[in-house]
Amino acid sequence: MPQATTLPAGLLLAALLSLCACSESPTPPAAPSPPRTVLAAPPAPIPTAVEDTNLIAFLADALGEEPRDIRLDDWWKITAGIPAETQTVIPVQQRICADTGPSPGIREVALCTRYAGAEAEDPGSVSLWRIAPDTSDTGARGVAYLDGIDSGARGEPGKVEIIDIGPARRAFLVHSPGGEAGRITTARMMLYAAQGDSFVELLDVASLWSNVGGCDADVPGDCVSRTCTLQAGGGVDADGFHPLGLHVVREGDTGSTLHIPIPRIDGRYRLPDDALGETACGAP
């Protein structure tokens, strides 16, 4: 009989290891790493108010001036623009003459301009701004604007007031004092409120009639002075506006006072007849 072949122990062990390696399943490749997620920077917070620094930056950009030259409570010199050679009445200074302040939400300001070389009949001027906070470089943007409201005399604008004409409704009251015709001195006031991207005039009414510059104080009733102011009443109409009234102080003739209601009709305050004549501050 043939004899069995005996393998050396080393070869036998190598054969067994080779057989085991062939019988094992291959190791699967490792799963690819997920792509790295890049987190976007959070959006800049939207400002809630037009702060003083934002207002100055906004006006400087709008007017072409340097922020360092604009003041919140005083006149500044106008440097932008070159007057025409034929121009005799020249804008020389501006100031913020009414301001609702840096409260949350919309900020409204009036800008007054005075002129050099003006005659007695030449007014100053007023422009009105409605400004909202935003994320621009200035932190503010204009949402309503009106320029060129004549006010005052001799190149000097009159004062500007802010009054409430309804809940969360504000308006500018622009005064134009100093009109003289002979012995008579008169003044006017105009009421403006924002509408859309501009401002509209809601009311134009005389605020003074006086002849005290040329009357005879020794003649009873010859000297007459009537001063009229606007007053907002309580309550609101269907559109959310307060009723207005003209408060008349009459000196020299009767020394009495009078209150004349001003109705609001078709979106505008309408003066009744007794607010136009000698009952109030209109011409006799």
Side-chain angles (χ1 to χ4, degrees), residues 97-98 100 108 110 112 123-124 126 128 146 149-153 157-195 198-215 217 219-284:
C97 49
T100 58
E108 293 178 308
C112 287
V126 175
L128 305 176
L146 179 64
I149 301 172
D150 289 341
S151 167
K159 71 176 181 179
V160 182
E161 297 178 274
I162 297 172
I163 66 172
D164 291 326
I165 57 173
R169 293 181 184 271
R170 296 178 296 210
F172 289 101
L173 188 60
V174 180
H175 293 265
S176 188
E180 298 181 4
R183 302 187 314 154
I184 308 303
T185 301
T186 62
R188 305 196 67 79
M189 52 187 171
M190 299 157 287
L191 188 67
Y192 290 87
Q195 181 173 299
S198 185
F199 287 79
V200 296
E201 182 187 283
L202 301 181
L203 184 67
D204 182 355
V205 60
S207 58
L208 172 69
W209 192 95
S210 174
N211 69 351
V212 295
C215 64
V219 177
D222 190 52
C223 295
V224 178
S225 179
R226 297 186 292 270
T227 303
C228 298
T229 56
L230 276 181
Q231 295 182 344
V236 293
D237 64 14
D239 296 324
F241 288 84
H242 291 315
L244 292 183
L246 194 65
H247 184 69
V248 185
V249 177
R250 299 181 292 183
E251 300 175 356
D253 50 1
T254 64
S256 63
T257 60
L258 180 68
H259 186 80
I260 303 173
I262 303 175
R264 187 170 173 275
I265 303 172
D266 297 331
R268 191 178 189 275
Y269 290 99
R270 304 290 178 177
L271 290 171
D273 292 340
D274 55 354
L276 300 172
E278 63 182 40
T279 305
C281 292

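Just so you know, these numbers use all the heavy atoms, side chains as well, and skip hydrogens, waters and symmetry mates.
Asp274 is linked by a side chain to side chain contact (heavy atoms under 4.5 Å, CB included) to Ile260, Pro272, Thr279, counting only residues two or more places apart in sequence or in another chain. Applying the side-chain hydrogen bond (donor to acceptor under 3.5 Å, both in side chains) criterion to Asp239, with sequence neighbours excluded, gives Arg264. A search for side chain to side chain contact (heavy atoms under 4.5 Å, CB included) contacts involving Cys281 returns Ala206, Arg226, Cys228, not counting sequence neighbours. Residues satisfying the salt bridge (charged side-chain N to carboxylate O under 4.0 Å, His left out) criterion with Arg270, sequence neighbours excluded, are absent altogether. With sequence neighbours excluded, the residues satisfying side chain to side chain contact (heavy atoms under 4.5 Å, CB included) with Ile162 are Ala98, Thr100, Arg170, Phe172. Among residues two or more places apart in sequence or in another chain, the side-chain hydrogen bond (donor to acceptor under 3.5 Å, both in side chains) test is passed with Arg169 by none. Residues satisfying the side-chain hydrogen bond (donor to acceptor under 3.5 Å, both in side chains) test with Glu161, not counting sequence neighbours, are His175. With sequence neighbours left out, Pro167 forms a side chain to side chain contact (heavy atoms under 4.5 Å, CB included) with Val236, His242.
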Working note: Cys112 + Val160, criterion side chain to side chain contact (heavy atoms under 4.5 Å, CB included); need CA distance, chi angles, decisive distance, verdict. CA-CA 9 Å; Cys112 287; Val160 182; 4.0 Å; yes
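When all heavy atoms of Ala232 and Asp164 are compared, the closest pair comes out as CB-O, 3.6 Å. Nearest heavy atoms, Val224 versus Gly221: CG2-O, 3.7 Å. Contact between Thr186 and Trp209 at its shortest, heavy atoms only, is CG2-CD1, 4.0 Å.
Taking the side chain as every heavy atom from C-beta outward, Leu244 and Leu202 never approach each other to under 4.5 Å. Using a 4.5 Å cut-off on side-chain heavy atoms (C-beta onward), Leu208 and Thr227 make contact. For the pair Ile262 and Val205, the minimum side-chain heavy-atom distance is 4.5 Å or more.
Separation of atoms NZ (Lys159) and OG (Ser176) is listed at 13.0 Å; rounding is to 0.5 Å. Here Phe199 contributes atom CZ and Leu146 contributes atom CG; the two are 7.5 Å apart, rounded to the nearest 0.5 Å. A distance of 11.5 Å separates CD1 of Ile265 from CG of Asp237, quoted to the nearest 0.5 Å.
The backbone N or O of Asp222 lies less than 3.5 Å from a partner atom in the side chain of Asn211, making a donor-acceptor pair.
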Side-chain donor-acceptor distances from residues 187-194 under 3.5 Å, at least two apart:
unit_1 : atom_1 : unit_2 : atom_2 : d
Arg188 : NE     : Asp204 : OD1    : 3.0
Arg188 : NH2    : Asp204 : OD1    : 3.2
Tyr192 : OH     : Glu201 : OE1    : 3.4

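Between His247 and His259, the ring planes are tilted. Angles from 30° to 60° get that label.
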